[in-house]
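Order of listing sets the numbers, starting from 1, for every ligand and every atom in it.
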Amino acid sequence: MAYEAAFAEADPELYARSKAALAAVPGSLLTGIDGTIPVLDPATGEEIATIPNHTVETALEAVTLADAAGRAWAKTTPRKRSDVLHAVYAKLIENRDDLALIMSREMGKTITESYAEVQYAADYVRWYAEEALRAGGSYRESPQGGSTMVTTRGPVGLAVLITPWNFPMAMATRKIAPALAAGCGCVVKPATLTPLTTYLTVKLFEEAGVPAGLVQVITTNNASAFSEAVITDDRVRKVSFTGSTPVGSTLMRLAAKNIVKSSMELGGNAPLLVFDDADLDRAIEGAMLAKMRNGGQTCVSANRMFIQEGIADDFIAGFTEKMAGLVQGNPLNREVELGPVVDGRAVERLQHLVADATAKGADLRTGGTKLDRAGHFFEATVLDNVPVAADITTTEIFGPIASITRVKTQEEAIAKANDTCFGLAAFVFTENVDRAFNVAEALETGMVGINNGLLSNVAAPFGGVKQSGIGREGSSEGLEEYQEIRYFTMQRRETV
Ligand code: SIN
């Protein structure tokens with residue numbers, strides 16, 4: 001039986017709800033299109049909607065509209081921007097059911113994780129509603145005396161926001177909310193794999209009071225033509241991108257033309273270190289979260305696990321048992337803990353990584369294959385004794401495969417962890433507080449989770465070092481990415 005029919009029979013109420021949610025996704029008001037792009041459900045491979053394939057001319061029209069609206073928005077008071085963003089937060093929460101259903105259908109994440117993402121995404125809006133009131137600036141005396149120096153932080157100007165498919169709502173709000181809080185208009189280009197959540201999110205922004213036109217959404221299957229035309233347009237002053245390092249590098253080259261301020265949240269190859277003195281249960285639980293959140297499809301997912309020899313057998317046995325026990329299936333079923341991966345290309349990549357690692361000597365502890373059913377399902381997989389030569393040690397896995405290497409010493413673990421051009425995130429498990437901080441300091445990454453498999457938090461500066469990116473998202477630092485610092489000096493005669 002086709003999935004749609006089976007789903008309708010198994011849970012008619014949820015099925016009707018998900019169809020209604022899909023029907024509620026707004027179309028684009030921008031009409032210049034070159035055909036449409038199908039949106040597929042990764043759980044079935046079936047088409048669930050189509051979106052416009054906007055032309056480059058339409059993208060430039062979006063720039064014109066967002067630029068005009070942005071200039072008016074920049075003149076509003078911080079209180080006004082804050083109030084509107086608070087109203088957006090409430091609107092997103094009110095519509096959490098539709099948002100979560102659409103997200104699971106277009107991206108394949110479990111419904112539990114979709115609800116968690118709606119809250120995470122809305123929290124960015126609430127956070128920047130609060131930060132909008134704290135735009136910053138300073139008042140200083142010149143060191144020589146005789147003059148006063150004032151710095152201000154104003155909106156940087158029109159922002160182009162390019163978002164990925166793995167967190168279609170949270171990565172959008174993590175960029176749109178600080179842009180609006182700072183006083184910028186924006187053009188958002190979501191990934192064509194998961195555009196529906198973004199379309200609905202932006203519609204809800206408008207329903208909550210964000211002026212029409214201020215946030216434009218463009219969908220296109222010609223991403224390079226879009227970037228080339230839009231990022232080099234004279235009116236654009238900011239680009240923020242989440243995605244791969246090669247694409248980020250290309251976008252930075254385009255941004256260089258007009259010296260456009262850039263934030264890049266790029267590829268990762270996160271190491272996860274478990275030392276002999278770790279609490280075993282805590283380490284297993286943390287590793288499950290660090291590896292399996294979003295089905296392993298996050299840029300901070302534990303990509304390489306380095307486990308010290310004294311704890312390795314127990315850790316690997318316990319971790320493998322948990323991985324093998326995950327309930328996999330229809331992501332809309334609340335019991336399900338692991339849905340499909342995003343598309344067929346992802347399955348092919350995962351198959352290659354397992355075949356390559358085992359051919360080079362890795363031991364397969366569980367999983368390793370694509371499920372024999374419709375959709376793009378790949379088993380939760382554990383590879384042990386993975387050699388350095390395996391492709392999986394240098395490739396961003398983006399799926400439910402854990403790659404484990406056993407290490408003898410702390411020095412070996414740190415050296416192996418740092419042996420990568422990426423530096424986004426790392427995880428350390430130890431009960432020794434000195435070791436925790438010493439190792440965290442020695443790891444060349446922008447973020448470290450200590451006895452904690454979850455780094456993401458709206459109040460944290462999310463971002464990487466080395467080739468994992470530039471700039472930070474979330475926290476007060478995330479607002480600064482959409483601001484320009486200016487400085488005024490005033491000479492002062494003594495009058496008192
Ligand atoms: C990402 O995978 O790009 C972001 C993950 C997060 O915010 O937790």
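Pairing each heavy atom of Val125 with each of Ala177, the nearest pair is CA-CB, 3.9 Å.
With sequence neighbours left out, Lys189 forms a salt bridge (Lys or Arg N to Asp or Glu O under 4.0 Å) with no residue at all. Taking Thr36 as the reference, nothing meets the side chain to side chain donor-acceptor pair (under 3.5 Å) condition, with sequence neighbours excluded.
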### Message
Using the rule given for salt bridge (charged side-chain N to carboxylate O under 4.0 Å, His left out), can you reason through Arg134 versus Glu131, listing the C-alpha separation, both sets of side-chain angles and the distance that settles it, and then say yes or no?
### Response
CA-CA 5 Å; Arg134 304 180 191 115; Glu131 288 296 302; 3.6 Å; yes
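Using a 4.0 Å heavy-atom criterion, the residues that approach ligand 1 are Tyr120, Asn166, Phe167, Met171, Arg174, Thr242, Glu265, Arg293, Thr298, Cys299, Ser456, Phe462.
In the model, Thr320 has no side-chain atom that pairs as donor or acceptor with a side-chain atom of Thr366 under 3.5 Å.
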Got a list of side-chain donor-acceptor pairs under 3.5 Å for residues 456-471, not counting sequence neighbours?
| from | atom 1 | to | atom 2 | distance (Å) |
| --- | --- | --- | --- | --- |
| Ser456 | OG | Arg293 | NH1 | 3.3 |
| Asn457 | OD1 | Ala459 | N | 3.0 |
| Lys466 | NZ | Asn418 | O | 3.3 |
| Lys466 | NZ | Thr420 | O | 2.8 |
| Lys466 | NZ | Glu444 | OE1 | 2.7 |
| Ser468 | OG | Gly267 | O | 2.6 |
| Ser468 | OG | Gly423 | N | 2.8 |
| Ser468 | OG | Leu424 | N | 3.2 |

